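Chain letters run A, B, ... following the sequence lines, proteins first and then strands; every chain starts at 1. None of these values were measured; they are calculated from a predicted model.
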There are 2 protein chains.
Amino acid sequence: MVKRVRGSKTGRPIMVLLDLLGRRWVLRIVWELREKPRRFRELQDATGASPTIVNSRLAELREAKLVELDAESGYRLTALGKELLRLFLPLHVWSEKWAKAVAI
Amino acid sequence: MVKRVRGSKTGRPIMVLLDLLGRRWVLRIVWELREKPRRFRELQDATGASPTIVNSRLAELREAKLVELDAESGYRLTALGKELLRLFLPLHVWSEKWAKAVAI
DNA sequence: TTCGAGTGCTACAATTTATGTAGTATCGCC
DNA sequence: GGCGATACTACATAAATTGTAGCACTCGAA
């Protein structure tokens, strides 16, 4: 049971998804899992988020069946999670172009 | 000048972008602008976010050159913003599939 | 068999961020 | 003038996040 979107309570999947992905560190955590599984502390160190928030985000992502914990290797993307990531991969290239345009 | 990512201070474009998109209501606002320009109050009503936050998110998005304000029509995506949205459009279809798998 | 290192995870006070309500200021129009 | 619409702001309350410290468990080495 995924937490409902806060603003609009329609429960439409796209809204629930945008709400989930719009929580702090969620996109970043998924991103850090793109290549290989990571341990709890690796995610903490890589993101710089507090353990409290890493833990609750991982819980949300597990509830959403995007991430799972494998005792051997650590946290990893599920099949669904990998699908989602695939949609986001073009962001990497695009972000470079964007950075030039915005002159961060 | 886009605010730097909080956790990792690398300033790498992808991290800055993930940080920006990971702020509450940002994805949602971009989504609401996908079809046509919207007025400030329309965005407020559609998202359910407070005017304070709508205003500051719009300011961030304008700074990031993803959104602009046209006096005639309202807030709209820039060329860059439309490019970004194009990357996100598949989410709509995918979210339906995801919803079935997760049983929200 | 105790020690240390690694694991996921939690408690909790301090800080930061978001909310909700009300309001300001400006514009065009009748 | 007065009305409605616009973008936007003030500010007290509520909620989320942070940072630090630590717990409980497992496993392998001393």
Side-chain angles (χ1 to χ4, degrees), chain A residues 2-10 15-16 18-33 36-78 81, chain B residues 2-9 15-16 18-33 36-64 66-78 81:
Chain A
V2 171
K3 272 182 204 157
R4 296 310 172 84
V5 78
R6 278 163 285 235
S8 93
K9 295 164 183 64
T10 62
M15 296 307 174
V16 179
L18 289 178
D19 177 52
L20 175 64
L21 299 180
R23 291 178 195 160
R24 192 164 298 164
W25 300 117
V26 166
L27 282 174
R28 181 63 190 277
I29 287 173
V30 171
W31 187 257
E32 293 296 337
L33 296 177
K36 59 169 185 249
R38 301 281 184 186
R39 291 289 172 188
F40 190 93
R41 278 182 174 70
E42 285 184 284
L43 288 172
Q44 230 187 286
D45 294 346
T47 60
S50 67
T52 319
I53 229 59
V54 171
N55 187 45
S56 67
R57 290 305 180 258
L58 283 173
E60 289 161 6
L61 284 167
R62 290 165 83 177
E63 214 173 12
K65 293 184 180 164
L66 297 173
V67 166
E68 64 193 356
L69 174 55
D70 175 59
E72 302 304 313
S73 58
Y75 286 98
R76 65 184 177 197
L77 296 175
T78 62
Chain B
V2 172
K3 273 182 205 158
R4 294 312 173 84
V5 79
R6 279 163 284 239
S8 92
K9 294 165 183 63
M15 296 307 174
V16 178
L18 289 177
D19 177 52
L20 175 64
L21 299 179
R23 292 178 193 160
R24 192 166 298 164
W25 300 117
V26 166
L27 283 173
R28 180 64 190 276
I29 287 173
V30 171
W31 187 257
E32 292 297 336
L33 296 177
K36 57 170 187 247
R38 300 281 183 186
R39 292 288 172 189
F40 190 92
R41 278 184 175 70
E42 285 185 283
L43 288 172
Q44 230 188 284
D45 294 346
T47 60
S50 66
T52 320
I53 228 60
V54 172
N55 188 45
S56 68
R57 289 304 181 259
L58 283 173
E60 289 163 5
L61 283 167
R62 290 165 82 177
E63 213 174 14
L66 298 174
V67 166
E68 64 192 356
L69 174 55
D70 175 58
E72 303 303 313
S73 57
Y75 287 96
R76 66 184 177 197
L77 296 175
T78 62

What is the distance, to the nearest angstrom, from the [atom1] atom on [X] to the [atom2] atom on [N]?
| X | N | atom1 | atom2 | answer |
| --- | --- | --- | --- | --- |
| B/Arg24 | D/dA16 | CZ | P | 6 Å |
| A/Ile53 | C/dA14 | CD1 | P | 18 Å |
| B/Glu72 | C/dC27 | CD | P | 15 Å |
| A/Gln44 | D/dT17 | CD | C1' | 14 Å |
| B/Leu58 | D/dT9 | CG | P | 11 Å |
| A/Trp25 | C/dT16 | CH2 | C1' | 13 Å |
| A/Asp45 | D/dT18 | CG | P | 15 Å |
| B/Glu68 | D/dA7 | CD | C1' | 16 Å |

Looking only at D/dT20, D/dT18, C/dT19, the nucleotide nearest the B/Ser50 side chain is C/dT19

Would you please name every residue forming a side chain to side chain contact (heavy atoms under 4.5 Å, CB included) with [X], sequence neighbours left out?
| X | result |
| --- | --- |
| A/Val54 | A/Phe40, A/Leu43, A/Gln44, A/Thr47, A/Ala49, A/Leu58 |
| B/Ser56 | B/Ile53 |
| A/Lys36 | A/Arg38 |

Taken in chain and number order and not counting sequence neighbours, the residues that satisfy salt bridge (Lys or Arg N to Asp or Glu O under 4.0 Å) with B/Arg76 are B/Glu68, B/Asp70

Residue set satisfying salt bridge (Lys or Arg N to Asp or Glu O under 4.0 Å) with B/Arg41, at least two apart, ordered chain then number -> none

With sequence neighbours left out, the residues meeting side-chain hydrogen bond (donor to acceptor under 3.5 Å, both in side chains) with B/Arg57 are B/Glu60

By side-chain hydrogen bond (donor to acceptor under 3.5 Å, both in side chains), A/Arg39 pairs with (sequence neighbours left out) none

Name the pairs: protein N/O against N/O of nucleotides 3-8 of chain C, kept only if under 3.5 Å.
unit_1, atom_1, unit_2, atom_2, d
C/dT7, O4, A/Arg41, NH2, 3.3
C/dG8, OP1, A/Phe40, N, 3.1
C/dG8, OP2, A/Phe40, N, 3.0
C/dG8, N7, A/Arg41, NH1, 2.8
C/dG8, O6, A/Arg41, NH2, 3.0

Could you list the protein-to-nucleotides 11-14 of chain D atom pairs, N/O on both sides, closer than 3.5 Å?
none

Taking every heavy atom of B/Leu77 against every heavy atom of B/Val67, the minimum-distance pair comes out as CD2-CG2, 4.0 Å

For A/Val26 and A/Leu61 the tightest heavy-atom approach is CG1-CD2, 4.0 Å

Looking at C/dA18, I'd like to know if its phosphate oxygens (OP1 or OP2) sit under 4.0 Å from a side-chain N or O belonging to B/Arg57. yes

